[in-house]
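Counting starts at 1 for both ligands and their atoms, following the listed order. Bear in mind the structure is a predicted one, so any value in this text is a computation, not a measurement. These values consider heavy atoms only, across backbone and side chains, with no hydrogens, waters or symmetry-generated copies.
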Amino acid sequence: MPWNKEIECMPVEEIQKLQLEKLRETVAWVYERVPFYKQKLDEIGIKAEDIKSLEDVAQLPVTVKNDLRDNYPFGLCAVPMSEVVRVHASSGTTGKPVTGPYTLDDMEQWGECMARNLWAAGIREDDIVQNAYGYGLFTGGLGFHQGVTRLKCAVVPTSSGQTQRQITIMQDFKTNALLSTPSYALTMVERAEDMGVDIKKLPLRVGVFGAEPWTTAMRQEIEERMGIKAMEAFGLTELGGPGVAFDCEAQDGLHINEDYYLAEVVDPETLEPVPLGEKGELIFTSLQRRAMPMIRYRTKDITRLRRETCDCGRTFLKMDKVFGRTDDMLIISGVNIFPSQIESLLLEIPEVEPQYVLVVRKKGYLDHLTVRVEAKQEIYDAGPDKEAEVEKKISGHLKGMLGISVRVRLVEPKLIERSEGKAKRIIDERPKE
Ligand code: DLL
């Protein structure tokens, strides 16, 4: 069986016992091999054997993206390069890229995690899987590729881009499953419509989407417009890419692969743990990785954790859909705003397309936000008065939800740049400090 029922449905006490053992092993592993961790652990005077319970993880120092950048490319590597068989890296749009080296055994674990993800999404041996995550340094393409192979399904490695060809392949190869970012899935729907192809009528049945925040409303939009089930994948380069957490047929939160990852949620200001069920910043410790283990990596992703047995039988800790990233949080007139709040609202407005960007500018000392969203063709054709009416309606709803006035500008259809990977939702025009 490609899904690991024994582990995925393990009683909580047993999985926690396993986690404690693996946590100690990981701390000992990095202490002996990575000077960065040795120094940090020595500073607080903690050794692996001092970790007596899982709660003790909170005493360990956190690791942040800058630590990885300072040690770029391989300063945090715990094995000699002769044992490294793969290196991925994040795009580095906000600075130096972050690297992700793997040993052969790390690759094996990754394959297992990806297979669990795909299996939980309902993908089976006779499926033809179109993998439109980018192949290359990004972990999405090659990460999913090996998972599909492990399930013995046919993988069609289209990678991202060349959208017209993606649609043709979807038609000709009769692919049943699509792997891509949610924003790229929407781009494909539109392109198909332009080509006169109705994706709903194709054999496509399921998609596994991730790599960027997307709301439940966006999920429903994709499900309706593609006529498929939209499942989810979560992960990050620093922890080995996708395969950290995945959802199941219950579509009620993402199961964290707890034998490989220990999750915590903390208050991002104080780093104090927050109770289960409360929102905070997600922190992960890898439990079995060898090339570049991570101790308490701060993801900047905001979510909640829940401990409950799922209808699917899995006992793994659940995380809610990511609400947003701390670095995407906007503070407008003193109010904290996440793009996801605006996305949820826009998706309820029938007069606009689910294509938007948030433009932040500085006026005097204050930040101002403009929501640019595409009008539906018929609204655009109806002229400026109609557009103004819709803009007023949306800003009224936003005021009701956020308590502040936000400018809304409808723009002509197809004006906002379409995504082939991770969508860029925020345009920050504030002067750089
Ligand atoms: O995006 C790995 C990945 C590939 C995940 C394919 C899922 C599918 P990075 O490029 O390092 O790695 O970006 C990691 O993307 O910290 C989140 O902010 C965001 N992210 C990833 N998956 C989700 C998701 C890959 N399902 C960063 N929901 C993470 C929301 C996600 N955000």
Side-chain angles (χ1 to χ4, degrees), residues 63-65 68-69 87-100 102 110 113-114 116-118 120-121 129 131-148 159-160 177-185 207-219 222 230-247 251 253-257 261 263 265 268 281-284 286 292 294 297-304 318-329 338-340 343-344 419-426:
T63 309
V64 297
K65 204 181 210 77
L68 276 80
R69 288 188 174 138
V87 182
H88 280 281
S90 72
S91 52
T93 37
T94 53
K96 270 218 175 99
V98 166
T99 51
Y102 304 73
W110 193 17
C113 289
M114 296 319 302
R116 288 181 193 174
N117 191 162
L118 293 160
V129 183
N131 187 3
Y133 282 111
Y135 277 63
L137 283 178
F138 177 53
T139 51
L142 285 159
F144 270 101
H145 186 101
Q146 63 190 345
V148 180
S159 191
S160 59
L178 174 68
L179 315 176
S180 77
T181 59
S183 57
Y184 191 39
V208 183
F209 304 115
E212 62 184 3
W214 56 315
T215 55
T216 303
M218 184 65 93
R219 180 209 284 261
I222 293 173
M231 309 299 289
E232 181 152 4
F234 171 86
L236 45 155
T237 312
E238 295 85 334
L239 293 156
V244 175
F246 57 93
D247 68 352
Q251 290 186 312
L254 306 164
H255 295 282
I256 295 167
N257 276 313
Y261 301 100
V265 165
E281 181 180 343
L282 195 53
I283 289 193
F284 280 110
S286 69
M292 197 158 111
M294 279 291 128
Y297 185 69
R298 287 187 65 176
T299 62
K300 297 195 174 172
D301 293 314
I302 303 289
T303 189
R304 265 191 288 251
K318 276 187 188 179
M319 60 181 256
D320 276 358
K321 245 175 156 347
V322 171
F323 186 65
R325 289 180 55 82
T326 50
D327 45 9
D328 280 347
M329 188 182 82
F338 284 96
S340 61
E343 179 178 297
S344 300
S419 150
E420 294 182 349
K422 294 177 190 258
K424 190 167 165 17
R425 302 286 190 203
I426 298 179

With side chains defined as the heavy atoms from C-beta onward, is the minimum distance between I302 and T326 less than 4.5 Å? yes
Contacts of type ring-ring contact (aromatic ring centres under 6.0 Å, His included), residue Y102, not counting sequence neighbours: H88, W110
Atom 31 (C) of ligand 1 [closest protein heavy-atom partner, distance rounded to 0.1 Å]: E212 N, 3.6 Å
Does ligand 1 have a heavy atom under 4.0 Å from the side chain of V322, from its backbone, from both, or from neither? side chain
Nitrogen or oxygen of R325 less than 3.5 angstrom from that of ligand 1: yes
Out of V244, T299, D301, whose heavy atom sits nearest atom 16 (O) of ligand 1? D301
Nearest-contact summary for atom 25 (C) of ligand 1 - protein heavy atom, Å: G235 O, 3.5 Å
Check: of K422, E232, K300, H88, min heavy-atom distance to atom 1 (O) of ligand 1 comes from K422
What atoms of ligand 1 come closer than 4.0 angstrom to any heavy atom of T139? 2 (C)
Does any donor atom in the side chain of E212 or S183 lie under 3.5 Å from an acceptor atom in the other side chain? yes
Taking only heavy atoms of P213 into account, list the atoms of ligand 1 that are under 4.0 Å away from them. 30 (C), 32 (N)
Donor on one side chain, acceptor on other, Y297 and E238, under 3.5 Å: yes
E420 and S160: side-chain donor and acceptor closer than 3.5 Å? no
Could you work out, for atom 3 (C) of ligand 1, the closest of G140, P242, A233 by heavy-atom distance? P242
The answer for which part of F138 has a heavy atom under 4.0 Å from ligand 1 is side chain
Do E343 and W214 have side-chain N/O donor and acceptor atoms under 3.5 Å apart? no
pair Y135-H145: side-chain heavy atoms closer than 4.5 Å: yes
Atom 20 (N) of ligand 1 - nearest protein heavy atom and its distance: A211 C, 3.5 Å
With the threshold set at 4.0 Å, does a side-chain nitrogen-carboxylate oxygen contact exist between K300 and E281? no
Of the side chain and backbone of L236, name the one, both, or neither that has a heavy atom under 4.0 Å from an atom of ligand 1. both
For atom 11 (O) of ligand 1, what is the nearest protein heavy atom, given as residue, atom name and distance? T237 OG1, 2.5 Å
Who's the nearest protein heavy-atom neighbour of atom 6 (C) of ligand 1, and how far? Y133 CE2, 3.6 Å
Apply side chain to side chain donor-acceptor pair (under 3.5 Å) to T237 and list each qualifying residue two or more places apart in sequence or on a separate chain. none
